[in-house]
Engineer: 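I have a structure here, written as structure tokens, and I will follow up with some questions on it.
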Amino acid sequence: MKDPQKVTVFPQSPDVDAPERHKEAFFQVLASIPAGKVTSYGKVAELAGMGRGARLVGRWLGQLPGGTRLPWHRVLNSQGKLSLPPESTSGAEQRRRLMAEGILVRNGRVNLRQHGWP
DNA sequence: CTTATGACGTGGT
DNA sequence: AACCACGCCATAA
């Protein structure tokens, strides 16, 4: 328990600190995506036990600090397409990083058959 | 309290 | 492949 104050006396209280666990799991999953591989927002959510939290994963990725070491660039949509605008700074950076890991990006998309993880 | 808004996903045209 | 309509869900307005 992170905060003893939140330990409720009500047996059926809502799980109020689920978001904290989710974020924790989210970081762990993100950090475990191997170089040279990619996964999807939905898959990250699933692996982190967030259910249908794909959009939330996207939000959190966008909030990562600029200098993070976490491989945010290895997360694409379920079709293997980069969701970041290709002309944007971050979009170009994502493409650059993927290519640098030996992942071919053609028309803003990568081959999941080849680089999909898990 | 309602609407709008997404680094989303799925299913149908 | 491209588009669209919904569903989803936390946040913002």
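Numbered from 1 within each chain, the chains take letters A, B, ... in sequence-line order.
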Engineer: Could you state the CG-C1' distance from A:Leu76 to B:dA7, rounded to the nearest angstrom?
Structural biologist: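 Computing the A:Leu76:CG to B:dA7:C1' distance gives 10 Å.
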
Engineer: Quiz question: by atom type and distance under 3.5 Å, do the side chains of A:His115 and A:Glu101 form a donor-acceptor pair?
Structural biologist: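 Note: A:His115 and A:Glu101 side chains miss the donor-acceptor criterion.
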
Engineer: Is there side-chain contact between A:Ser83 and A:Val75, with heavy atoms separated by less than 4.5 Å?
Structural biologist: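 No. Closest side-chain heavy atoms not under 4.5 Å.
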
Engineer: One pair to check against salt bridge (Lys or Arg N to Asp or Glu O under 4.0 Å): A:Glu24 and A:Arg21. What are the steps and the verdict?
Structural biologist: CA-CA 5 Å; A:Glu24 210 45 44; A:Arg21 290 199 317 277; over 6 Å; no

Engineer: With sugar-phosphate meaning primed atoms plus P, OP1 and OP2, does A:Gly62 contact a base, only sugar-phosphate, or nothing at under 4.0 Å between heavy atoms?
Structural biologist: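 Touches a base.
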
Engineer: To the nearest 0.5 Å, how far apart are CD in A:Glu93 and CH2 in A:Trp72?
Structural biologist: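 Going from the CD atom of A:Glu93 to the CH2 atom of A:Trp72 covers 5.5 Å.
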
Engineer: Measure NE2/A:His22 against C1'/C:dC9 and give the value in whole Å, please.
Structural biologist: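 Atom-to-atom, A:His22 to C:dC9, this comes out as 12 Å.
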
Engineer: Base, sugar-phosphate, or nothing for A:Arg52, non-hydrogen atoms under 4.0 angstrom?
Structural biologist: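 Contact class for A:Arg52: sugar-phosphate only.
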
Engineer: If you assign A:Lys81 and A:Arg55 each to the DNA chain C nucleotide with the nearest heavy atom, which residue ends up on the more 5' nucleotide?
Structural biologist: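 This one resolves to A:Lys81.
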
Engineer: By the 4.0 Å heavy-atom rule, please label A:Ser90 as base, sugar-phosphate, or nothing.
Structural biologist: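 Nothing: the residue A:Ser90, judged by heavy atoms under 4.0 Å, touches no strand.
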
Engineer: So what does A:Trp72 hit on the nucleic acid, given a heavy-atom distance under 4.0 Å: a base, only sugar-phosphate, or nothing?
Structural biologist: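 Touches a base.
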
Engineer: Tell me the interatomic distance from A:Phe26, atom CZ, to C:dC9, atom C1', rounded to whole angstroms.
Structural biologist: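 So the CZ-C1' distance, A:Phe26 to C:dC9, works out to 16 Å.
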
Engineer: To the nearest Å, how far apart are A:Gln63 CD and B:dA7 C1'?
Structural biologist: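 Nearest whole value for this atom pair: 11 Å.
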
Engineer: Tell me: CG of A:Asn111 to P of C:dA1, nearest whole Å?
Structural biologist: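 Roughly 11 Å, once rounded to whole Å.
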
Engineer: Is A:Ser40 near enough to B:dC8 that one of its side-chain N or O atoms lies under 4.0 angstrom from OP1 or OP2?
Structural biologist: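 For B:dC8, OP1/OP2 do not have a side-chain N/O of A:Ser40 under 4.0 Å.
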
Engineer: Between A:Gln79 and A:Leu84, which is nearer to the 5' end of DNA chain B once each is assigned its nearest nucleotide?
Structural biologist: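 Looking at the nearest nucleotide for each, A:Leu84 comes out on the 5' side.
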
Engineer: Do A:Arg59 side-chain and C:dA10 base share a donor-acceptor contact under 3.5 Å?
Structural biologist: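 When only heavy-atom distances are counted, A:Arg59 does reach the base of C:dA10 through a donor-acceptor pair under 3.5 Å.
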
Engineer: Atom CH2 of A:Trp60 to atom C1' of B:dA7: distance rounded to whole Å?
Structural biologist: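 My rounded result for the distance is 14 Å.
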
Engineer: Report yes if a side-chain nitrogen or oxygen of A:Ser83 is closer than 4.0 Å to either non-bridging phosphate oxygen (OP1 or OP2) of B:dA7; otherwise report no.
Structural biologist: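 So the side chain of A:Ser83 is outside the cut-off, no N or O lying under 4.0 Å from OP1 or OP2 of B:dA7.
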
Engineer: Nearest to the A:Leu56 side chain among C:dA2, B:dC8, C:dA10, which nucleotide is it?
Structural biologist: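 Selected nucleotide: C:dA10.
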
Engineer: Please give, in whole Å, the distance from B:dA7 C1' to A:Arg95 CZ?
Structural biologist: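 Answer to the nearest Å: 18 Å.
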
Engineer: Between B:dC8 atom P and A:Asn77 atom CG, what is the distance in whole Å?
Structural biologist: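 In whole Å, B:dC8 P and A:Asn77 CG are 7 Å from each other.
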
Engineer: When we call it a touch if two heavy atoms are under 4.0 Å apart, what does A:Arg74 touch: a base, just sugar-phosphate, or nothing?
Structural biologist: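 Nothing: the residue A:Arg74, judged by heavy atoms under 4.0 Å, touches no strand.
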
Engineer: Could you please name the option among B:dA7, B:dT10, C:dA2 that lies closest to any side-chain atom of A:Arg109?
Structural biologist: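 For A:Arg109, the side-chain atoms sit closest to C:dA2.
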
Engineer: Is it the case that more than 12 heavy atoms not belonging to A:Lys81 sit under 6.0 Å from its NZ atom?
Structural biologist: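 No, NZ of A:Lys81 has 12 or fewer neighbouring heavy atoms, counting only those of other groups under 6.0 Å.
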
